[in-house]
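Remarks on the structure that follows.
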Amino acid sequence: MPIFLPAPMPVRPADGKGFNRLSLNAHMWPGESQCALLPRSYATLFESLDTRRARGGGFGTCARPEGLCGECPVLTHPPRRSVSFSANRVLVRIETSYSDGAALRAGPVTQLWMTDRPHSADYRQVGQLWTWPELSRLEGWELGRRHRDEVGEGFWMERSSYVPAPHVEIRSRAVGTESGTQCSPAAPGRA
């Protein structure tokens, strides 16, 4: 699966005489190689979950511009963060702002707030601050649909059916007791 997205090569106009046309968007491409594991939006987060869909634009800058993905710190970084909410479905609110005095090329500053109270306007007090790369490496959760309401925009993350919620104990006669992600066989005489 492609992870390294090389910078596009400049193309010459159809007339073959060089760059003689004025275009405002001719200078908008950052011009650097990108990594498909560093999303910056909902669309690129969707593409980073299966990088065969990934195409240049919208991702973070590659840490190894030579394309040496085997020793890249982004690829080898283990997923360490877990969701502490017990809900099966959480809402990730997207807050986008621009810095004061931003020029034409200034990029947006995005903050992601994960909350288990989707209708609450005070999601900053009850939610957790996340980043796009942390969400792309989150295990046990699937990307859901986009969401927009009077509070703002966001998207849903849904717990996979094979991962139990934290602080939940599951009892089964066949397997035993499963607490979190640890499973032990059932004791004799107990079920």
Side-chain angles (χ1 to χ4, degrees), residues 1-8 23-65 69 72-75 77-160:
M1 295 192 302
I3 296 173
F4 177 73
L5 304 171
S23 174
L24 290 177
N25 57 350
H27 306 288
M28 294 300 180
W29 179 259
E32 299 177 82
S33 301
Q34 295 183 345
C35 178
L37 299 177
L38 296 173
R40 289 190 191 168
S41 67
Y42 176 82
T44 55
L45 177 62
F46 179 72
E47 291 177 1
S48 71
L49 298 177
D50 183 3
T51 58
R52 291 176 289 184
R53 294 183 275 239
R55 57 197 187 289
F59 290 97
T61 305
C62 181
R64 303 270 191 234
C69 296
C72 176
V74 175
L75 181 64
H77 187 275
R80 294 186 181 159
R81 192 159 181 193
S82 63
V83 177
S84 62
F85 299 118
S86 296
N88 288 331
R89 185 175 170 186
V90 294
L91 181 64
V92 180
R93 294 262 183 208
I94 303 172
E95 282 186 357
T96 304
S97 62
Y98 294 89
S99 61
D100 294 335
L104 288 175
R105 286 195 53 140
V109 177
T110 304
Q111 289 186 327
L112 303 174
W113 292 92
M114 184 180 290
T115 180
D116 61 345
R117 299 180 192 167
H119 302 295
S120 177
D122 63 341
Y123 58 89
R124 289 181 202 93
Q125 282 78 28
V126 297
Q128 299 173 350
L129 190 61
W130 284 73
T131 63
W132 291 109
E134 286 175 338
L135 284 176
S136 69
R137 288 191 291 272
L138 186 61
E139 294 180 346
W141 290 80
E142 297 174 357
L143 185 63
R145 296 177 154 246
R146 288 185 178 212
H147 176 79
R148 182 177 299 236
D149 59 5
E150 64 276 354
V151 178
E153 65 175 311
F155 58 91
W156 295 99
M157 295 290 290
E158 298 173 1
R159 188 181 302 275
S160 298

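Reckoned from all heavy atoms, side chains included, excluding hydrogens, waters and symmetry mates. In this text, all values refer to a predicted model and were calculated from it rather than measured experimentally.
Judged by a 6.0 Å distance limit and a 45° cone about the ring axis, Arg64 is not positioned over the six-membered ring of Phe4.
Of all non-hydrogen atoms in Pro133 and Leu38, the two that sit nearest each other are CG-CD2, 3.9 Å. The heavy-atom pair separating Trp132 from Pro39 by the smallest distance is CB-O, 3.0 Å. Listed here is the closest heavy atom pair of Phe85 and Arg159: O-NH2, 2.9 Å. Minimum interatomic distance between Leu37 and Ser136 (heavy atoms only, all atoms of both residues): O-OG, 3.7 Å. Listed here is the closest heavy atom pair of Thr61 and Arg40: N-NH2, 3.8 Å. Heavy atoms only, all atoms of each residue included: Ala87 and Asp116 are closest at CB-CB, 4.1 Å.
When only modelled atom types and interatomic distance are considered, Gln128 and Trp130 share a side-chain donor-acceptor pair under 3.5 Å.
With a 4.5 Å cut-off on side-chain heavy atoms, Leu112 and Leu129 do not count as touching. Between Trp141 and Val90 the shortest side-chain heavy-atom distance falls below 4.5 Å. You'll find the side chain of Met114 reaches within 4.5 Å of the side chain of Leu135, heavy atoms only. Residues Arg93 and Asp149 meet the side-chain proximity criterion, which asks for heavy atoms closer than 4.5 Å.
Counting only distance, with no hydrogens or angles, the side chain of Gln34 and the backbone of Gly57 share a donor-acceptor pair below 3.5 Å. At least one donor-acceptor pair closer than 3.5 Å links the side chain of Ser160 to the backbone N or O of Gly140.
Note that CG of Leu138 and CE of Met157 are 5.0 Å apart. Values are rounded to the nearest 0.5 Å. With values rounded to the nearest 0.5 angstrom, Ser82 atom OG is found 10.5 Å from Glu139 atom CD. Rounding to the nearest 0.5 angstrom, the gap separating the CG atom in Leu49 from the CD atom in Glu142 is 9.5 Å. Atom-to-atom distance recorded for Arg52:CZ and Ile3:CD1 is 12.5 Å, nearest 0.5 angstrom. Atom CZ of Arg137 is separated from atom CG of Leu75 by 10.0 Å, given to the nearest 0.5 angstrom. Atom CD of Glu158 sits about 5.5 Å away from atom CZ of Arg89, to the nearest 0.5 Å.
By the 30° and 60° cut-offs, the orientation of the rings of Phe155 relative to Tyr42 is tilted.
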